[in-house]
Amino acid sequence: MTMTRRSVFRFVAGAPALAAGFGGLVRAQEAAKSGDRRKGLKLAARSKLVMVGDSITDAGRARPVGEGRGDAIGKGYVMMVAALLGAVYPDQWIRIVNQGISGNTVRDLKARWQTDVLDLSPDWVSIMIGANDVWRQFDSPRQTETHVLLEEYEKTLEELVLATLPQVKGMVLITPFYLEPNRADAMRATMDRYGAAVRRLAEKHRTLFVDSQAPLDEVLKTYYPASLNWDLVHPGHIASMVLARAIVDAIGFDWTR
């Protein structure tokens, strides 16, 4: 093919864009391949995941161990995590155990950690704690002995992480949350500081991390807070599913499986 001077000029002028486009395609393909390598449930088949926390985790689970049929696993986000994994990954036989106890603070977790968590020989452990650590500062301001201030909270949570990591395959640290979209609200602002402590620990010890507040904030752009629950602390079924979705996303859940 014979090219005129003008056609040569147009070809040369367009070459950088063509090269950039081709390079972008190659990079996209490489990223896709890299992404494919990262896909997959992080929990191996027949893993046992013990989920521990306060009433948000508890949700009416059985005692002494929250595992089994019916409501044994509770009626909250833990049940929804178990249902999603059981429905989409039935061949993996993943066990979910609910060890939440209503009213617990991180102090209470520390007191029962050996018997209620480590003695169950989990492969994975998730922790969501902090609602009561913060709430008692606001609903019981005179009872300062019940307050777990930020320094103690972070220190104690780190002790639990350090005691657990050598004995498990992985951990999931989940921030506490408050169903209040106004970040200037005193309790919301305090809860955010506790959530930031969870993030610091997750980054420091390289655990999986779930920012529970972020997806709830998205939902709160539509819902009036009290419609998710009047006390702004305990999630109803919609907020519980938001939590469950965030947690399974963190452990590599494939929604297209």
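All figures in this text were calculated on a predicted structure; none of them were measured in a lab. Side chains included, hydrogens not; waters and symmetry mates left out as well; all remaining heavy atoms used.
- Residues passing the side-chain contact (heavy atoms from CB on, under 4.5 Å) test with D139, sequence neighbours excluded: W135, R136.
- The side-chain contact (heavy atoms from CB on, under 4.5 Å) check on K110 picks up T156, E159, L160, with sequence neighbours excluded.
- The distance from the CG atom of L149 to the NZ atom of K155 is 13.5 Å, given to the nearest 0.5 Å.
- By the criterion of side-chain heavy atoms lying less than 4.5 angstrom apart, applied directly or through intervening Ile, Leu, Val, Met, Phe, Trp or Tyr residues, V233 is not grouped with I101; the two fall into different hydrophobic clusters.
- Contacts of S240 classified as side-chain hydrogen bond (donor to acceptor under 3.5 Å, both in side chains), with partners at least two apart in sequence or in another chain: none.
- For the residue pair E152/H147, the side-chain donor-acceptor check at 3.5 Å is not satisfied.
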Report all side-chain donor-acceptor pairs from residues 174-182 shorter than 3.5 Å, counting only partners two or more places apart or in another chain.
from, atom 1, to, atom 2, distance (Å)
T175, OG1, S212, N, 3.0
T175, OG1, S212, OG, 3.0
E180, OE2, N182, N, 2.8
N182, OD1, A184, N, 3.0

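- Looking at heavy atoms from C-beta onward, L49 lies in side-chain contact with S126 at the 4.5 angstrom threshold.
- The shortest distance between side-chain heavy atoms of I129 and D108 does not fall below 4.5 Å.
- Between L84 and A244, the closest heavy-atom pair is CD1-CB, 4.4 Å.
- Scanning both residues, N229 and G236, for their nearest heavy atoms gives CB-N, 4.4 Å.
- In the displayed structure, E151 atom CD is contacted under 6.0 Å by at most 12 heavy atoms of other residues, nucleotides or ligands.
- Using a 4.5 Å cut-off between side-chain heavy atoms of Ile, Leu, Val, Met, Phe, Trp and Tyr, with links allowed through other members, L85 and W93 fall into different hydrophobic clusters.
- For residues 221-235, the salt bridge (Lys or Arg N to Asp or Glu O under 4.0 Å) pairs, not counting sequence neighbours, are E218-K221.
- Taking H237 as the reference, M80 meet the side-chain contact (heavy atoms from CB on, under 4.5 Å) condition, with sequence neighbours excluded.
- At least one side-chain heavy atom of W113 sits under 4.5 Å from a side-chain heavy atom of V52.
- In this structure, D91 pairs ionically with R257, as a charged nitrogen and a carboxylate oxygen lie closer than 4.0 Å.
- In plain terms, the two heavy atoms of Q143 and T146 that are nearest each other are O-OG1, 2.7 Å.
- Listed by chain and number, the residues in a ring-ring contact (aromatic ring centres under 6.0 Å, His included) with Y153 are Y194 (sequence neighbours excluded).
- Residues meeting the ring-ring contact (aromatic ring centres under 6.0 Å, His included) test with F253, sequence neighbours left out: Y89, W255.
- Between K204 and E158 the shortest side-chain heavy-atom distance falls below 4.5 Å.
- Cluster membership check: I238 shares its hydrophobic cluster with V210, using side-chain heavy-atom separations under 4.5 Å among Ile, Leu, Val, Met, Phe, Trp and Tyr.
- Between A131 and I56, the closest heavy-atom pair is CB-CD1, 4.0 Å.
- In terms of the side-chain hydrogen bond (donor to acceptor under 3.5 Å, both in side chains) criterion, residue partners of R112 (sequence neighbours excluded) are, by chain and number, N104, D116.
- Annotation: side chain of N132 is not in contact with side chain of V106 (no heavy-atom distance under 4.5 Å).
- The side-chain hydrogen bond (donor to acceptor under 3.5 Å, both in side chains) pairs that include a residue from residues 66-76 are E67-R95, where partners are two or more places apart or lie in different chains.
- Nearest heavy atoms, G100 versus N98: N-OD1, 2.9 Å.
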TODO: Please lay out, stage by stage, how V161 and L173 fare under the test side chain to side chain contact (heavy atoms under 4.5 Å, CB included).
DONE: CA-CA 9 Å; V161 171; L173 298 187; 4.0 Å; yes
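- Taking a cutoff of 4.0 Å between a charged side-chain nitrogen and a carboxylate oxygen, R199 and D211 qualify as a salt bridge.
- The hydrophobic cluster containing V172 does not contain L162, counting ILVMFWY residues as joined when their side-chain heavy atoms lie under 4.5 angstrom apart, directly or transitively.
- Here the shortest heavy-atom pairing between A226 and L232 reads N-CD2, 4.0 Å.
- Between L118 and T164, some side-chain heavy-atom pair lies under the 4.5 Å cut-off.
- When the side-chain contact (heavy atoms from CB on, under 4.5 Å) test is applied to K169, the partners found at least two apart in sequence or on another chain are D123, W124.
- Pairs passing the side-chain hydrogen bond (donor to acceptor under 3.5 Å, both in side chains) check and including a residue from residues 50-62, sequence neighbours excluded, read S55-H234, T57-Y77, D58-R63, R61-Q99.
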